[in-house]
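Since the structure comes first, as structure tokens, the remarks are kept for the end.
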Protein chains: 2
Amino acid sequence: MKENPSGCSVEESMRILGGRWRLPLVSCLLDGPKRFNDLRRDVPGISQRMLTLDLRALEDAGLIRRTVYPGSPVKVEYALSEDGERLRPVVEVVKTFGLWLKARDGKL
Amino acid sequence: MKENPSGCSVEESMRILGGRWRLPLVSCLLDGPKRFNDLRRDVPGISQRMLTLDLRALEDAGLIRRTVYPGSPVKVEYALSEDGERLRPVVEVVKTFGLWLKARDGKL
DNA sequence: CTGGATCCATAGCGATACTG
DNA sequence: CAGTATCGCTATGGATCCAG
């Protein structure tokens with residue numbers, strides 16, 4: 001009973017948060033809602049394709065809300081859902097680790 | 001230049017923690033040092049190949065220490081390094097999120 | 001027991017061009 | 001502005017066999 005369902009939970013998370021852009025994307029959205037091209041700018045290096053796919057995936061997971069404001073041209077806004085807000089601590093701690101990593105390896 | 005270095009740190013982290021098994025592996029090692037076949041057992045589903053590769057990668061990143069105790073048969077022990085201990089909060093928070101995720105999707 | 005070597009399948013991702 | 005569609009490469013990971 002002391003066995004490892006813990007690792008499984010981590011796997012569950014990684015199925016959604018894995019990949020190169022998911023977490024950086026969420027990280028950007030923690031600042032507040034953004035539009036498609038805002039994200040393209042704020043997540044440097046992401047391709048338009050991956051942006052679309054990962055936004056889709058996160059939306060399907062219920063972590064992101066997509067709102068369309070009609071008009072010409074249309075305006076589409078992406079925001080973290082209430083559930084997605086649960087990712088804040090995740091992003092924070094991963095970011096912290098990344099910063100520490102960079103500092104460590106920078107000093108070697 | 002004022003732009004998102006936060007996201008970059010997240011990317012740095014994911015370069016090391018990405019992949020399907022890295023974090024589950026670290027999660028297992030949080031309990032204490034383990035041997036190769038212990039890990040094979042405790043990280044259900046991992047192939048021997050990936051276990052080798054990921055242990056290697058984490059070792060190269062300085063997050064894991066590998067100790068060989070000579071004898072016949074040899075005994076090899078893997079443990080988190082001091083640096084690797086920095087992953088504890090990461091694993092914890094990811095695990096928490098995973099558990100919550102499973103609960104949420106289980107209840108839908 | 002602790003791996004290394006090989007082969008192979010798939011998933012992830014990038015680049016580019018096109019569209020309402 | 002906010003996407004879709006297509007192509008192809010590479011990385012990731014599984015299966016199997018071999019070895020000290």
Side-chain angles (χ1 to χ4, degrees), chain A residues 7-8 10-29 32-61 63-80, chain B residues 7-8 10-29 32-61 63-80:
Chain A
C8 295
V10 176
E11 277 197 64
E12 291 292 324
S13 296
M14 294 313 279
R15 276 226 303 270
I16 292 191
L17 305 179
R20 185 171 172 186
W21 301 109
R22 302 268 172 97
L23 233 46
L25 215 47
V26 172
S27 175
C28 263
L29 287 175
K34 297 197 178 174
R35 301 173 58 180
F36 192 83
N37 283 305
D38 293 337
L39 290 168
R40 254 173 57 156
R41 176 174 34 78
D42 293 344
V43 184
I46 194 171
S47 70
Q48 179 201 43
R49 169 191 149 86
M50 289 316 295
L51 184 51
T52 302
L53 289 179
D54 283 341
L55 283 173
R56 246 285 184 249
L58 290 168
E59 193 194 350
D60 290 348
L63 302 172
I64 276 185
R65 217 175 315 111
R66 178 176 180 273
T67 314
V68 182
Y69 300 95
S72 199
V74 259
K75 175 181 166 185
V76 180
E77 204 174 68
Y78 294 92
L80 288 180
Chain B
C8 294
V10 176
E11 276 198 65
E12 292 290 326
S13 297
M14 294 312 279
R15 276 226 299 274
I16 292 191
L17 305 179
R20 184 172 172 186
W21 302 108
R22 301 271 172 94
L23 231 47
L25 216 46
V26 172
S27 175
C28 264
L29 288 174
K34 297 197 179 175
R35 301 175 57 183
F36 192 81
N37 283 305
D38 293 338
L39 290 168
R40 254 173 58 158
R41 176 173 36 79
D42 292 344
V43 184
I46 194 171
S47 70
Q48 172 238 34
R49 170 190 148 87
M50 290 315 295
L51 183 52
T52 302
L53 289 179
D54 283 342
L55 283 172
R56 240 305 179 231
L58 290 168
E59 193 194 348
D60 290 348
L63 302 172
I64 275 185
R65 216 176 315 112
R66 179 176 181 270
T67 315
V68 182
Y69 300 95
S72 198
V74 261
K75 175 181 165 185
V76 181
E77 205 174 68
Y78 295 90
L80 287 180

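The figures that follow rest on heavy atoms only: side chains count, while hydrogens, waters and symmetry mates do not. Keep in mind it's a predicted model, so treat the numbers as computed, not measured. All chains are named by letter (A, B, ...) in the order of the sequence lines, taking the proteins before the strands, and each is independently numbered beginning at 1.
As a whole-Å value, the separation of Arg41(B) CZ from dT2(C) C1' is 15 Å. In this structure, CG of Leu25(A) is placed 12 Å from P of dC13(C), rounded to the nearest angstrom. Here dG14(D) presents its P atom at 8 Å from CD1 of Ile46(B), a figure rounded to the nearest Å. Per the geometry, CD1 belonging to Ile16(A) stands 13 Å off P belonging to dG12(C), to the nearest Å. Following rounding to the nearest Å, Asp54(B) (CG) and dG13(D) (P) show an atom-to-atom distance of 6 Å. At whole-Å resolution of the value, CZ in Arg56(B) and C1' in dT12(D) are 18 Å apart. A straight line from CE of Met50(B) to C1' of dA15(D) spans 13 Å, rounded to a whole angstrom. Atom CG in Leu51(A) sits about 15 Å away from atom C1' in dG12(C), given to the nearest Å.
Checking dG3(D), dC1(D), dG3(C) against the side-chain heavy atoms of Pro73(A) singles out dC1(D) as nearest. The listed nucleotides are dG3(D), dC13(C), dC1(D); the one nearest the side chain of Arg20(A) is dC13(C). Among dG14(D), dC13(C), dT2(C), the nucleotide with an atom closest to any side-chain atom of Ser47(B) is dG14(D).
Of the possible donor and acceptor atoms, none in the side chain of Ser27(A) sits under 3.5 Å from a partner among the backbone N and O of Leu23(A).
Using a 4.0 Å heavy-atom distance criterion, Tyr69(A) is classed as making no nucleic acid contact. Thr52(A) comes within 4.0 angstrom of a base, heavy atoms only. When heavy atoms are screened at a 4.0 angstrom cut-off, Arg22(B) is found touching no nucleic acid atom at all. Residue contacts shown for Arg66(A) are limited to sugar-phosphate atoms, with no base heavy atom under 4.0 Å away.
Taking 4.5 Å as the limit, every side-chain heavy atom of Met14(B) sits out of range of all side-chain heavy atoms of Trp21(A). Looking at heavy atoms from C-beta onward, Leu63(A) lies out of side-chain contact with Val26(A) at the 4.5 angstrom threshold.
Side-chain nitrogen and oxygen atoms of Trp21(B) include none within less than 4.0 Å of the OP1 or OP2 phosphate oxygen of dT12(D). For the pair Tyr78(A) and dC1(D), the criterion of a side-chain N or O lying under 4.0 Å from OP1 or OP2 is not met.
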* Residues Arg56(A), Asp60(A); criterion side-chain contact (heavy atoms from CB on, under 4.5 Å); working and verdict -> CA-CA 6 Å; Arg56(A) 246 285 184 249; Asp60(A) 290 348; 4.1 Å; yes

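Position along DNA chain D of the nearest nucleotide to Lys75(A) versus Gly19(B) favours Lys75(A) as the more 5'-ward residue.
Remark: of the listed residues Val76(B), Val43(B), Leu39(B), Leu39(B) is the sole one forming a side chain to side chain contact (heavy atoms under 4.5 Å, CB included) with Lys34(B).
One N or O donor and one acceptor, one from the side chain of Gln48(A) and one from the base of dA17(C), sit under 3.5 Å apart. No hydrogens or angles were tested; on distance alone, a donor-acceptor pair under 3.5 Å links the side chain of Arg49(B) to the base of dG14(D).
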